[in-house]
Amino acid sequence: MTLSSNGFAPPAAPSLSLGVVGNCAFSALIDPHGRVVWSCLPRFDGDPVFHALLGGADAEAGSWAIELEDMVEAIQRYEPNTAVLVTELWDSQGQGIAITDFAPRFLSRGRYFRPTQLVRRVRPLKGAPRIRVTLTPRFDWGAQAPRITSGSHHIRYVGDAQTLRLHTDASISHVLAREPFLLTRELNFMFGPDETLEGGIGDTARHFEQETLAYWRGWSQRLALPLEWQDAVIRAAITLKLSLFEDTGAIVAAMTTSIPEAPGSQRNWDYRYCWLRDAFFVVRALNSLAEVGTLEDYLRWLSNVVVGARDGDASGHIQPLHGIGLERELPERICETLPGYRGMGPVRVGNQAQEHFQHDVYGNVVLAAAQAFHDRRLLHPAGLAEFERLEAVGEQAARVFDQPDAGMWELRTRARVHTSSALMCWAACDRLAKIGLTLDLPGRAAHWGDRAAAMRDRILRESWSEERQAFAESFGGRDLDASVLLMVEVGFIDPMDPRFVATLAALEEHLCDGPYMRRYEAADDFGKPETAFNICTFWRIDALARTGRKAEARAIFETMLAARNPLGMLSEDTHATTGEMWGNYPQTYSMVGVINAAMRLSAPWDSVI
């Protein structure tokens, strides 16, 4: 490792080998050397006060490094079954430190305590290591350096829109001057709102760590895991939980903005919002592990979306994504102050897709809510009032299922009757029929069953391409699209139906690069996709398993597990040639795929007990 003249290494090159800590209120991404490179405050879609992942005015701006002089090795891991990250740094003389990072989360006074506070605890492991603390938050997307004031044990970072405070039992002078010093005892750093601390810094940090460890261990203990791949599933589940904004129940698609889907592609989007599609798949995956708390939180948010859409749009249209506080307007702009990941701009803030018509949204609404009508474990089970609200969603699905839309891939310059959109509209009506039976409403069940049957007939007829011998991406189309694999996941077609088997074969021939699968074959607004879309690869794994090709499915799943970063997480895309991760991170869709594949492929527990 190259060291500068002062004995400290320059910042690690930007990558997606990042640890994630959070508490269902905010999150922070930490690189392999223990440097905080991304964190938005006061919530997921806020100002990135740590923005180094997307560059900045200089190498140190918008980051928080705790550096070891003469560092030669870094080791990073999670405390087992938790969201508490530990980074060990070692120097050439065998001296080392451990940095423990977490965001407090635990039950206190009958509710979850989850402050927007990052806690960093540093202790010497061996010898007398020398460290340097470099804390350089920025405001307004890197444009504003804070005004700094300090007291005996705190530093305030004052901006126009928010003020942040560091509590520490380290030397304030050393931190302010970025002066190296010997680490002779445990030190604690608590960074968050401009509020006083009631207890001692060390005691409070220690208590928060113990309680947070206990919370996550208890949460993980209650998961209904598959026999195989348990560590991978636990890490995926924790990552999905961290994507929940518990205050409203929204679930972000990813924690970052503008990580390119492929190098230099300009496919850079802001994913720090709640897509109804992605959130449905998140709660479905967690439900499969018997984690229904996230479902109940999300249904609070979803109910508000449905009611708000009725009030805001008489046509019944529901937009595909919202802000995590239910914001309907997410105007998209280019941030001029940050150059982008590895200099690959643009950096986008906001997302134009909120303007789109994406008709699969109606299926995603009903499918996400369906379990609440059948599951007796829930604290707030759904009943007739909720069913009547969902019926309005079903009516809209029936109206638009054969109308052109932007599709689930959010195409900005063309509209078609997308098979995947029609499929999810069918799913809305099909699940409403099942809910009607559960509520002992045979007339309504028959009504929705008839609608679903008519829609199914048309989808089977109009999406089938005789030329391609496959279900195509749109009615009357010929182009192939991996999203038609969802037909079996939502119960639309028997996986052994010859038409589905033929479709899978065609997709494998035309969309796969070895084990990886791209989204579609047709060019879009930016040309043809270059990287594989991870959830599509997981859809392929599911389809292979359902069609009797389980050995192939397991082999591809192992490839996807190997594609994760060292901490067990995935972004949106994988480059089939280099194996490098691209796209926003951590991507909930991808982590859903890990859980679904493990649940589908694992040997049963009764094979060993």
Side-chain angles (χ1 to χ4, degrees), residues 20 22-28 39-48 83 103 105 111-112 114-116 237-257 269-287 291-312 318-332 349-356 358 360-362 364-369 371-372 378 380 382 386 389 393 410 572 584-592:
V20 180
N23 62 0
C24 303
F26 84 108
S27 64
S39 185
C40 297
L41 293 174
R43 61 186 207 181
F44 292 111
D45 58 355
D47 187 9
R105 178 175 174 81
R111 60 185 184 270
Y112 283 114
R114 40 175 168 74
T116 52
I238 289 174
T239 305
L240 295 183
K241 185 69 173 180
L242 290 175
S243 302
L244 169 70
F245 183 62
E246 195 169 50
D247 180 60
T248 63
I251 299 169
V252 295
M255 296 173 186
T256 60
T257 178
W269 315 112
D270 191 349
Y271 278 13
R272 302 170 303 144
Y273 309 112
C274 186
W275 272 256
L276 298 177
R277 178 188 313 112
D278 302 52
F280 155 62
F281 283 104
V282 169
V283 298
R284 185 181 177 107
L286 290 175
N287 291 349
E291 203 290 289
V292 295
T294 302
L295 167 67
E296 295 214 68
D297 283 326
Y298 175 64
L299 290 181
R300 284 191 290 112
W301 186 84
L302 185 63
S303 297
N304 282 307
V305 166
V306 172
V307 172
R310 181 189 63 198
D311 295 342
I318 297 177
Q319 63 189 57
L321 73 152
H322 292 71
I324 59 177
L326 291 170
E327 296 85 359
R328 294 173 60 84
E329 300 294 327
L330 302 171
E332 186 175 301
V349 183
N351 200 302
Q352 184 203 353
Q354 56 94 10
E355 302 173 1
H356 288 185
Q358 297 175 23
D360 67 311
V361 68
Y362 306 105
N364 294 317
V365 169
V366 177
L367 285 167
Q371 184 163 338
L378 301 189
H380 305 287
E386 290 80 9
R389 281 203 297 266
V393 177
E410 303 183 336
E572 183 182 54
N584 281 310
Y585 174 90
Q587 178 74 7
T588 53
Y589 241 158
S590 301
M591 305 312 291
V592 162

Q. Going from CG on Leu41 to CZ on Phe26, what distance comes out if it is rounded to the nearest 0.5 angstrom?
A. 6.0 Å
Q: Take Ser303 and Glu386 through the test side-chain contact (heavy atoms from CB on, under 4.5 Å) and record every step on the way to the result.
A: CA-CA 8 Å; Ser303 297; Glu386 290 80 9; 5.7 Å; no
Q | Point-to-point distance, once rounded to the nearest 0.5 Å, from CG of Asp247 to OH of Tyr112 | A | 15.5 Å
(Q) Would you say that Leu326 contacts Cys274 through its side chain, given a criterion of any heavy-atom pair below 4.5 Å between the two side chains? (A) no
Q. Do the side-chain N and O atoms of Tyr273 and Gln354 include a donor-acceptor pair separated by under 3.5 angstrom?
A. no
Q | Sidechain-backbone polar pair: Glu332 side chain, Gln352 backbone, donor-acceptor under 3.5 Å | A | yes
Q. With Phe280, which residues qualify under ring pair (Phe, Tyr, Trp, His ring centres under 6.0 Å), at least two apart?
A. none
Q: Using side-chain contact (heavy atoms from CB on, under 4.5 Å) as the criterion, list what pairs up with Gln371, not counting sequence neighbours.
A: Asn287, Val292, Leu295, Asp375, Arg377
Q) Which distance, rounded to the nearest 0.5 Å, do you find between the CG of Asn23 and the NZ of Lys241? A) 11.5 Å
Q | Heavy-atom pair with the smallest gap, counting every atom of Leu302 and Ala368 | A | CD2-CB, 4.0 Å
**Q.** Test side-chain contact (heavy atoms from CB on, under 4.5 Å) applied to His380 and Leu299, step by step
**A.** CA-CA 10 Å; His380 305 287; Leu299 290 181; over 6 Å; no
Q.
Can a donor-acceptor pair be found, under 3.5 Å and without considering hydrogens, that links the side chain of Thr256 to the backbone of Tyr585?
A. yes
(Q) side-chain contact (heavy atoms from CB on, under 4.5 Å) for Asp360 and Arg277? Distances and angles first, verdict last. (A) CA-CA 8 Å; Asp360 67 311; Arg277 178 188 313 112; 2.7 Å; yes
Q: Grab the two heavy atoms, one from Val282 and one from Val592, that are nearest each other, plus how far apart they are.
A: CA-CG2, 3.7 Å
Q. Just wondering, do Asp278 and Ile251 contact through their side chains at under 4.5 Å, heavy atoms?
A. no
Q | Set of residues satisfying salt bridge (Lys or Arg N to Asp or Glu O under 4.0 Å) with respect to Glu246, sequence neighbours excluded | A | Arg105, Arg114
Q. What residues form a ring pair (Phe, Tyr, Trp, His ring centres under 6.0 Å) with Phe245, not counting sequence neighbours?
A. none
Q: Using the test side-chain contact (heavy atoms from CB on, under 4.5 Å), find all partners of Thr239 that sit at least two apart in sequence or belong to another chain.
A: Arg235, Met569, Pro586, Met591
Q: With sequence neighbours excluded, tell me which residues meet side-chain contact (heavy atoms from CB on, under 4.5 Å) with Pro320.
A: His356, Gln358
Q. Which pair of non-hydrogen atoms, one from Pro42 and one from Thr116, has the smallest distance, and what is that distance?
A. O-CG2, 3.2 Å
(Q) For Arg43, give me all partners under side-chain hydrogen bond (donor to acceptor under 3.5 Å, both in side chains), at least two apart in sequence or on another chain. (A) Asp45, Glu327
Q | Non-neighbouring partners of Ala28 that pass side-chain contact (heavy atoms from CB on, under 4.5 Å), sequence neighbours left out | A | Val21, Val36, Ser39, Leu118
Q | Heavy-atom side-chain proximity of Val20 to Leu242 below 4.5 angstrom | A | yes
Q. Checking side-chain contact (heavy atoms from CB on, under 4.5 Å) for the pair Val306/Val365: CA distance, chi angles, key distance, verdict?
A. CA-CA 8 Å; Val306 172; Val365 169; 3.8 Å; yes
Q.
Thr588: which residues meet the side-chain hydrogen bond (donor to acceptor under 3.5 Å, both in side chains) condition with it, sequence neighbours left out?
A. none
Q.
For Trp301, give me all partners under ring pair (Phe, Tyr, Trp, His ring centres under 6.0 Å), at least two apart in sequence or on another chain.
A. Tyr298, His322
Q.
What's the separation between atom CD in Glu296 and atom CG in Leu378, rounded to the nearest 0.5 Å?
A. 4.5 Å
Q | Donor-acceptor under 3.5 Å (Gln319 side chain, Arg328 main chain) | A | yes
Q | Partners passing ring pair (Phe, Tyr, Trp, His ring centres under 6.0 Å) against Phe281 (at least two apart in sequence or in another chain) | A | Tyr589
Q) Hey, does the side chain of Asp270 reach the backbone of Gly350 with a donor-acceptor pair shorter than 3.5 angstrom? A) yes
Q. Rounded to the nearest 0.5 Å, how far does CG of Leu276 lie from CD1 of Ile318?
A. 7.0 Å
Q) For Asp297, what residues pass the side-chain hydrogen bond (donor to acceptor under 3.5 Å, both in side chains) criterion, not counting sequence neighbours? A) Arg300
Q) If we only count heavy atoms from C-beta on, is the Val349 to Arg272 side-chain gap below 4.5 Å? A) yes
Q. Okay, side chain of Thr248, backbone of Ile324: is any donor-acceptor separation there less than 3.5 Å?
A. yes
